[in-house]
Every structure is written in structure tokens, then in C-alpha cells.
Amino acid sequence: MNNLLSRGAIAAIFRGENVSCPVLQLLACKKMNAAASGKAVDRYRLMLSDGEHTCTAMLATQLNEMVSTGELDVKAAMKLKNYSCNPIANDRRVIVVLDLDIVKKGSEIGVSIGDPTPMRAPGQGGAAPAQQQSRPDSTVSHDPPQTARPTSYGTGAPASATPNKQGTFYGQSNSAMGGSTTSPKKVQPISSLTPYQNRWTIKARVTNKTAIRTWSNARGEGKLFSMDLLDQSGEIRCTAFKDMVDKYYEMIEIGKVYFVSRGTLKPANRQYTSINNDYELTFNNDTMVEPCVEEDVSIPAVQFDFKSISHLEDTPEDSMIDVIGVCKSTSDLTAVTIKSSNREVNKRSLQLVDDSQKEVSLTLWGKEAEDFDGSGNPVIAVKGARLSGFGGRSLSVLQNSIFQVNPDIPKAHHLKGWFDSEGHSQDSQSISTRQGSGGGGGANTNWMTFHDVHAQNLGQGEKPDYFTVKGTILFVRKENCMYMACPSAECNKKVSENGDGSYRCEKCSKDYENFKYRLLLSANVADSTDNQWATCFQETAEQLLLKSAQELGSLKDQGEATEKEFNQVFQDACFIDYMFRMRIKMETYNEEARLKCTCVSAQPINVRDYTNKLIKDIRLMASA
DNA sequence: CCCCCCCC
């Protein structure tokens, strides 16, 4: 038992030695109540022992759960895989435990090992204070350091006046702007950074962090990630390349505060960022990033610089802007094939409205599009959306954007109140004239009757035409409404039966043991003027039939037993009204030109939108 | 040193 602890480790750490993975015993653990201390989260104060000395430590909040679950109990022996030793007032030190492994549970040990006495900071002649962290690749040291010397107690110079061996030191109590008088190295505001100085330290919150991305071009290849840093004075975008990615990617967490010192500052290109700074920061070999272990509420959270939607009309295309609005409606999820890369990606458009009574279309991509739920008209805030010129003006959420749903900020509450009380019933004008496939029904929808569609020869051009029509389902074809599709999530291609119970997908060039049903439904849609056959793919077809492809497939598979029920599905789908968003295009099939109409979305009639359309029609007739 | 961010 006596060999369990790293004897002498605490003295060595206090002298500034790099003690790797010391094993210490937890003698006491006290919860510092968050509410009482005015902090955001509870903190645990620990008393640790190496068998010779005890010292005070704080548990990093991400490890709080180890205490609350009982995993870390009093008398436990723990290996400090990552920690820092920081000076506090009166030359005292506190160890902050950043990562640990339990070596033996307290319930198994049961006693305090050795007869430790309280450790105090080294005095004059002692080594510098440590701000070091153990390296993950260093060897585990259970043995007491061979170099251990008798601890000298005394009244030396303030520990915090001595830089450590890395040459930097910052008191953890510094504010972002001034720094305490005991700190030799001032933390300076982000807004003061320029390329013309190279020794600086900032204390900033990470407000955004990208995934690691790789690139390969004529100038070489590599990987990078970028992050946004914020303090009271401003913000800056930082990028880490290659080695720096390995060094810092894991450490950086969104929302946390870090000390960052040194790095390369270069002019920012506003085309690629909405971060309000003339410069960007690139990490280099001299860059040091260290987590600030105490949550500092004086370092603010995400900063927006919202532009009203009406303002976007006269903002240049391709600008990066911050926007906030109520999500008035959303389109269905649609898959888009990217021409350049032949990749498929999901997208969804939202219609945002604000109290300038203007609407704009905002496109989400990939997972953000898939996960988005617009029910209940949430407030959407985006930092760093790209303003495109499509259909007038529309917005796109990029990788670097911060996308927030119902953010807890005053402007969001204001807009929600506005929308609930009056905005929802007011007319708003979209600055995105051609909407995504959403159909919408807003002021700029191109409403058509089938008569007009045919009379105006829509779909004859090179590009397909889109229109919205209020129509009624007259008939849906049950024959061939389903096909056996490749079971792989990304592939929906038709499979063929191999005859041995397996299924062949030619697109994947692969045999599968199963398949999934996909719907490909022909529906005859009519309004008072004419009718049109339209093709409905999976999602819209499921919507019109009020059944999933899987359910319908199972009814079909059961044959006669469920034939009646199967047929009923198609009966029930008829004579229901929808607002259809249609795509129409003339296509040549077996040397025969045929007008192909695809239903992009079908939505229940929005009475307000449809009534507005009728009122407009009536006004037009009256003025004619 | 990235900076592509897609589609209608």
C-alpha cells in the first residue's frame, strides 16, 4: 500500500518539475456550491496526498461526474494524467486536476496512506512555479522522483513573478483587459493584436470550431481546422494547420476560455468570414494554448452583428452576414447532387421573417438540414451566413457558420413576441423571389392553374419550370407504385432478384440479403381548369398515401390477406386538396416528347396564403 | 498553407 503513491511528487510539482502521471490519494473532497459562489457550475475542492505532503486541488468541472457517481471517492488513489499547478494568493499553489484515472477505489483502500503534512510553496532559491501539464506520451512514474530535495519553506519573491520554463506565465485571475498587478505578463485584448508585435497573450473564449478538413491543390496538401476566439474587446478567427491540428484540435472546446500566446497575424479576407477583425491568426510553432481552468464570466459568449432582412436587399452578394428571424415555414428535405463532385447532400430551406416584415430563404445542408425541426416557429440566429444572389437574395448556412435555434438573447425574445402577437398574421415580402422547393405560398409564389401551365407551354425551355397549384388528388395508381430498392442508406437504386434470395444493386455493384421498398407514385391532380399526371417520390408519396413505404410494402407482401387494406390506402388518398409545388419539363422518351411533371412537395392548404392569392386575383380582375 | 460549402 505504501508504494501505491508517488511519494515526493507534490514537492516536485511545487518546485516546477514536470512530474508525469503522479499517483495521489484523495483525502477530502468538498463541493463548492455554484449558486453560493456565483459561479456557473459546481466545483469540487480536493485535498490530495502523496503520502508525504498534502495539497489543495480543484477538480476540472468535466470530471465532476466522477464525484457525483461515486467513481471517485474519498481515500481513492488516482493517477493524474493531466493537471496544472497554478499559483494563487499568498504564494500558495493549487493543482487543477484535468484528467485522471482511478488506480484504486477509496472504499478498497479505506485509510490515509502515510502521515502527510501540508505542502507549502517553495521559497527563495526554489525552482520556478509550474504551469506545466503532463504529456500523454510520457512514462508513468509511480516511484518518487530521485531528485527530490528537502522542501524549503520561506518567504521568497512572489511566485507569480517568475516565469516558468516555457517562458510564459499568466495568473489565472487576470481579467481579459487589464490583468492583475501581480502578473508579469499582461493579457491583452484581442482588438489590440496586430502583425507588428510578436509577444502577446490573449484570454479568449472559443465560440466556434470547425471539423478537421483536408485539402489538396497545386500548392500542396494538408489538414486544418479553424476556430473563433472572443473577448470583451472583440473577436478573431484562428486557423491551425497540420502539426498544429494534432497538437490542439482535441484540447479546443467550444464555449471554453483559453490563454493563447504568439502566432502569426495576417490580414483577414472578409469574403470568407463574418468575424469582425482586420486580422486572422494562424497558429505557428511558437503558439501556446492553455485552457483557463477557472470559468471567467467576464469573457463574453457568441457575439452577433445582426443585419435586418430588409437590409440584405442592398447588401452585396457573397457577403458574410449575421441574421436572426422567425422560421415561418420550412421545405421538405431534398437530396441534391453536387455537380462538381458528384456527391449527394441533403438540403432544407427555411423561410425567415423579421420585424422589418421581409422574408428571406435560408438553406441548411447535410446533418443540420436533416435534424432541423421548424415546428412551433422557432427563432433562428446565424452567425456567418453567406448571402447569395439567387432569386434576388437568399442565405446559406456554411460549415463555419454558427446556427442557433431559439437562442437565449434579447433580440430572439423580442422577435418571438413580435411574431406571436402580430407578425404571424402580417403580410411579409420575400427578398428571395424564387423560393427553394418549399412551395411556400408567400407573396412571390408563382401560382398557376393547370390550364395556364398547358396554355403557356411551361416545361418547354432548357431548364425545368416550377409552379405552385392548388389541386385535388383525383386518382393514384397502385400498380407499380413501389419498387425494391438498394438497402444501403445512400443508394435508392432499383435492385434485381438474383433468384437465390439475394438482391443485386448495379449502382453499388453489390449483392444484398435484403432490400427496402421505395415509392414512385403516379398521381392525377386536378384543379377547376384541367388535370395533370405527376410523379411523386418517396417522401411526397408517403405524405399523399398517409402510409410509409415500409407499411405499404408489408401490406403488399401479405398478398390476399391484406389486399383490401392495401387498396383502401389508394382510395383514401383521393379527393384531398393540397398546395402542390411542381417541376415540369419536356422530356424525350423513345423519340417521343412527353411533358414530365414531378411533385416536389405537397402541403396542406395554407388558408391565409391561399386567400391572399385569391384577393390579389380579384383585385386584378377588378382593375382589368 | 484554407477560402469548397453545393441545388433550384
Side-chain angles (χ1 to χ4, degrees), chain A residues 208-228 237-245 249 263-275 280-285 287 317-320 331-351 361-370 382 384-403 430 432-440 444-446 458-459 461-468 537 581-585 598-601:
Chain A
N208 202 17
K209 169 188 162 183
T210 69
I212 297 171
R213 203 177 74 234
T214 56
W215 85 88
S216 174
N217 60 28
R219 275 167 290 184
E221 54 182 64
K223 59 181 174 181
L224 70 119
F225 78 98
S226 61
M227 74 196 91
D228 301 334
R237 192 165 88 133
C238 306
T239 307
F241 291 96
K242 300 173 184 174
D243 295 352
M244 295 299 115
V245 175
Y249 186 78
T264 308
L265 284 148
K266 56 173 194 173
N269 188 340
R270 301 282 186 139
Q271 195 188 330
Y272 303 123
T273 175
S274 72
I275 296 296
E280 287 186 351
L281 173 60
T282 303
F283 283 9
N284 61 32
N285 285 324
T287 300
E317 279 181 40
D318 297 330
S319 306
M320 304 290 287
S331 76
D332 289 340
L333 194 67
T334 51
V336 172
T337 304
I338 308 305
K339 283 184 219 128
S340 55
S341 60
N342 209 25
R343 249 174 352 110
E344 209 173 67
V345 64
N346 283 325
K347 70 148 198 166
R348 191 194 299 275
S349 326
L350 322 186
Q351 302 305 316
S361 170
L362 173 77
T363 305
L364 305 185
W365 300 94
K367 191 164 164 44
E368 239 155 11
E370 289 152 25
V382 188
R386 183 197 179 89
L387 185 64
S388 94
F390 181 78
R393 286 286 180 274
S394 52
L395 293 167
S396 190
V397 173
L398 313 182
Q399 303 278 333
N400 288 343
S401 310
I402 300 178
F403 177 80
S430 180
S432 314
T433 51
R434 265 194 292 168
Q435 316 208 347
S437 53
N444 303 289
T445 305
N446 58 330
L458 256 62
E462 206 174 304
K463 283 189 157 191
D465 286 308
Y466 286 79
F467 63 94
T468 298
F537 293 101
R581 183 77 180 159
M582 302 286 203
R583 175 176 56 220
I584 198 161
K585 173 96 172 70
T598 307
C599 174
V600 179
S601 80

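Here is how names work: the chains are called A, B, and so on, in the same order as the sequence lines, proteins then strands, and each is numbered from 1.
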query: Under 4.0 Å: is that the gap between some side-chain N or O of A:R348 and OP1 or OP2 of B:dC7?
result: no
Taken to the nearest whole Å, CD/A:E221 to P/B:dC2 is 12 Å
When you measure from the side-chain N and O atoms of A:W365 to the phosphate of B:dC5, is any distance below 4.0 Å, counting only OP1 and OP2? no
Exercise for the section: Taking A:S226 for its side chain and A:T239 for its backbone only, find out whether a donor-acceptor pair lies under 3.5 Å. Expected result: no
In whole angstroms, the gap separating P of B:dC4 from CG of A:D318 amounts to 11 Å
**OP:** Look at the side chain of A:K242 and the base of B:dC1, then say whether one donor and one acceptor between them are separated by less than 3.5 Å.
**Re:** yes
Whole-Å distance, A:L395 CG to B:dC5 C1', equals 14 Å
*asked:* Under 3.5 Å, is there any donor-acceptor pair linking the side chain of A:E280 to the base of B:dC3?
replied: yes
Of the candidates B:dC2, B:dC7, B:dC4, the side chain of A:Q399 sits closest to B:dC4
So what does A:K223 touch, heavy atoms closer than 4.0 Å: a base, only the sugar-phosphate, or nothing?
-> nothing
Less than 3.5 Å between a donor and an acceptor, one on the side chain of A:R219 and one on the base of B:dC2, is that the case here?
no
Check whether any side-chain N or O of A:S274 sits under 3.5 Å from a backbone N or O of A:M320 as a donor-acceptor pair, and report yes or no. no
Separation of B:dC6 atom P from A:L364 atom CG, nearest Å, is 12 Å
- Task: Assign A:R270 to base, sugar-phosphate, or nothing according to its heavy-atom contacts below 4.0 angstrom with the strands shown.
- Result: nothing
In whole angstroms, the gap separating P of B:dC5 from OH of A:Y272 amounts to 9 Å
Ring centroids of A:F390 and B:dC8 base under 5.5 Å with planes under 30°: yes
Looking only at atom types and distance, does a side-chain atom of A:S401 sit under 3.5 Å from a main-chain N or O of A:F403, one as donor and one as acceptor? no
Closer than 4.0 Å, any side-chain N/O of A:S341 to the OP1 or OP2 of B:dC4? no
When rounded to whole Å, the CG to P distance for the pair A:N400 and B:dC5 reads 12 Å
In whole angstroms, the gap separating P of B:dC5 from CD of A:E344 amounts to 19 Å
message: Please determine whether a side-chain nitrogen or oxygen atom of A:N217 lies at a distance below 4.0 Å from atom OP1 or OP2 of B:dC2.
response: yes
Q. Just checking A:S396: base, sugar-phosphate only, or nothing, at a heavy-atom cut-off of under 4.0 Å?
A. sugar-phosphate
Taken to the nearest whole Å, NZ/A:K585 to C1'/B:dC7 is 17 Å
**Request:** Flag the pair A:W365 / A:S396 as yes when at least one side-chain heavy-atom distance between them is below 4.5 Å, and no otherwise.
**Result:** yes
Remember a base hit wins even if backbone is also touched, and classify A:R583 as base, sugar-phosphate or nothing at under 4.0 Å, heavy atoms. nothing
Distance to the ring centre below 6.0 angstrom and angle to the axis at most 45 degrees; does that hold for A:K223 and A:Y249? no
Considering only heavy side-chain atoms of A:R343, the closest of B:dC6, B:dC4, B:dC2 is B:dC6
Taking B:dC8, B:dC1, B:dC3 as options, the one with an atom nearest any side-chain atom of A:R237 is B:dC3
Review point. For A:T363, which contact category applies under a 4.0 Å heavy-atom criterion: base, sugar-phosphate, or nothing?
Key: base
inquiry  = Suppose we call a contact any N or O donor and acceptor under 3.5 Å apart; does that hold for the side chain of A:R386 and the base of B:dC5?
reply    = no
Ring-ring centroid check A:F241 A:W215, cutoff 6.0 Å:
yes
